[in-house]
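Worksheet: the structure to be examined is printed underneath.
For ligands, and for the atoms within them, numbers begin at 1 and follow the listed sequence. Residues: numbered from 1 along the sequence shown. Quick note: numbers below take in every heavy atom, side chains included, and nothing from hydrogens, waters or symmetry partners.
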Amino acid sequence: MAYNYPAEKISVYLSDDGGSILTFYALWEASLFAKHWIPFCKRYNIEPRSPAAYFSESDGHQDLCSPEEWSLIREMYEAMTERIDTAVLSGKISEEVKANDKGFHEWDQENTSKNHQATVQILIEGKDKNANDDEGNVLPTLVYMAREKRPQHHHNFKAGAMNALIRVSSVISNSPIIMNVDCDMYSNNCDTIRDALCFFLDEEMGHKIGFVQFPQNYNNLTKNNIYGNSHQVTNQVLMGGMDSVGGPMYVGTGCFHRREILCGRRFTEDYKEDWDGGIKDKTQENIDEIEEKAKSLAASTYEHDTQWGDEIGIKYGYPAEDIITGLEIHCRGWKSVHSNPPRPAFLGVAPTTLAQTLLQHKRWSEGSFSIFLSKYCPFMFGHGKIKLRHQMGYSIYGLWAPNSIPTLYYVIIPSLALLKGISLFPEITSPWITPFIYVLCVKNMYSLYEALSCGDTLKGWWNEQRMWMVRRITSYLYGLTDTVRKLLGLSKMTFAVTSKVSEQNESKRYEQEIMEFGSSAPEYVIIATVALLNLICLVGGLSQILTGGRNILLNVFSPQLILCGMLVITNIPFYEAMFVRKDKGRIPFSVTLASIGFGMLALLVPIVRYNSRYI
Ligand SMILES: O=c1ccn([C@@H]2O[C@H](COP(=O)(O)OP(=O)(O)O[C@H]3O[C@H](CO)[C@@H](O)[C@H](O)[C@H]3O)[C@@H](O)[C@H]2O)c(=O)[nH]1
Ligand SMILES: [Mn+2]
């Protein structure tokens, strides 16, 4: 709401899929606080303009204005958050508060998060003369929306919510550009709207651009980010690279779309945006009428027998609705733009535990793989419509899930073979080893170079290598099996929302960069088994080579020894979590026990290599 942009041209919509009166109350409080906060931001040009972010990072900004004024606004903010927290704790809103706004009566009837009627409440009607801030300036329009949800109707998760928002906003503001941002992100740069509009308004290229995507950046990353969530390389290298062959993917948040494009429009060379044509002039209709009309558009049956979710709006039926929607837009002829300004446009919350990270990656890998196998496979769907390199850029994610199988092979079989004295690679002195060494060195050196040049630390890169492996043998494996199950009709699509809260000790360990396990999830058993197995194989293999005492053996087995040794070094935090750490986030004993069991089983598996001279 506090963007550096004419307020009468901004309308802000909050979609609350839970349909909670507490969320509505918080938004109502925010609408009152905005009257003081927005003029304060603009007067002193402060940044970031999310009050939560601003007050958490600055105590000493008093030199901007008089200390009294600063303290006053801060006290106002704190009093507001306290009132909201109290309401959340008690779980209800007092009658006194309810009397302030007709919107609270929407909850007079029984409402649950999965079963509730549509609610649309215009909290600030931007063009209303009474809706001014402290200094008499116009405020942006502010709307609360909870689409109707009924257990008997499928709600299509985030895509369904976005489509309801597109329709509801069409009768309230109908602005030609729609920016969307997830609930776990905030705006960090007050000039972002202007930045994005520069692309759409460009005289030469502007008419070709369908959306402007800002990267996902996080404000809670630790220095060496143990869970490999920095995404700097993806943002700068992959997205930047795609920018040169047609444009980055739509990644679901921090993105500006043309409304018409979300509604299915194809690109034509003579396309020209009608900047004022569609915008609603609200003075003729009264608010109640608009709200009623908007509610009917957010009904759970509205989309039945329509093109919504297919030809119109965000696509349904895939866990990564964003990627597929972006692909379709590109295939309809539009370009997109990757904009990565030095001051990040949006900041969000990265997962702070291993479980959250793995869950997120499971959804991404599963979503992208099911796209790859569907009629939207970038190579087929994009054939003849987008460049081959663009198709390849799209497919990197698509092949994450099947990548779990070769990775599992590489982290288990060569090590086991080492223990059993079976050689799988050419001798270290043979010229045939060159491709292996070349791939190993070049891949690692290049990824190290990329990471460092994108601002990651050396240790951060190393942690990323560990997570690279862990994600492949857990999340991606699950993504693969779940996709196959879905193909066979054994399970249905879900959208596992990533949790955004962690317990205090957990957060402390996150800040200290200590990996969080704590529960006995099956994926931890996989991680622990692989770690233990490699340790046993390394010790066993090494001692055999040493006792064998023959130079030839070392010669033959060094590739496997190097691989196994590297795995063991990568896995050090897992050994610590199993055998050294005492805190609650360690790997539970039951997991260690199970992985010892599985490790034993794996040792029993016979490995046979035909035509080998060394068995
Ligand atoms: O039934 C639902 C489920 C989710 N959401 C919203 O969807 C957003 C994304 O969910 P989140 O749990 O934050 O998922 P992430 O793992 O962070 O999502 C990433 O990946 C998704 C695709 O898988 C994209 O849609 C997101 O934009 C992108 O941030 C949030 O704002 C949710 O409120 C809904 O509105 N309704
Ligand atoms: Mn998110």
Inset, instruction - Give the ring-plane orientation class for His231 versus His361, where under 30° counts as parallel, over 60° as perpendicular and anything between as tilted. - result: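 Ring orientation, 0 to 90° scale: perpendicular.
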Could you tell me whether the side chains of [X] and [Y] share a donor-acceptor contact shorter than 3.5 Å?
| X | Y | value |
| --- | --- | --- |
| Ser173 | Tyr13 | yes |
| Arg471 | Ser365 | no |
| Asp16 | Tyr144 | yes |

Are [X] and ligand 1 in contact, using a heavy-atom cut-off of under 4.0 Å?
| X | answer |
| --- | --- |
| Gln216 | yes |
| Glu321 | yes |
| Asn156 | no |

Find all atoms of ligand 1 within a distance of less than 4.0 Å from any non-hydrogen atom belonging to [X], and give their numbers and elements.
| X | answer |
| --- | --- |
| Gln360 | 15 (P), 16 (O), 17 (O) |
| Thr253 | 27 (O), 29 (O) |
| His155 | 1 (O) |

Legend entry - Mode of Asp182 contact toward ligand 1 - side chain, backbone, both, neither (heavy atoms, under 4.0 Å):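 Both parts.
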Legend entry - Region of Asp322 that comes within reach of ligand 1 [heavy atoms, distance under 4.0 Å]: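 Near ligand 1, Asp322 shows its side chain, while the N, CA, C and O stay back.
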Legend entry - Short N or O distance, Ser15 and ligand 1, threshold 3.5 Å exclusive: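 Between Ser15 and ligand 1 (N or O atoms, distance only) the closest approach is not under 3.5 Å.
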Legend entry - Cys183 N/O to ligand 1 N/O under 3.5 Å: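 Yes; the residue has a nitrogen or oxygen that sits under 3.5 Å from a nitrogen or oxygen of the ligand.
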Legend entry - the Mn ion (ligand 2) contact by Asp182, N, O or S atom under 2.8 Å: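 Looking at Asp182, which is the residue asked about, there is no N, O or S atom under 2.8 Å from the Mn ion (ligand 2).
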Legend entry - Option passing side chain to side chain donor-acceptor pair (under 3.5 Å) with Asp17 (candidates Arg147, Lys149, Lys114, Lys158):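 When Arg147, Lys149, Lys114, Lys158 are each tested with Asp17, the side chain to side chain donor-acceptor pair (under 3.5 Å) holds only for Arg147.
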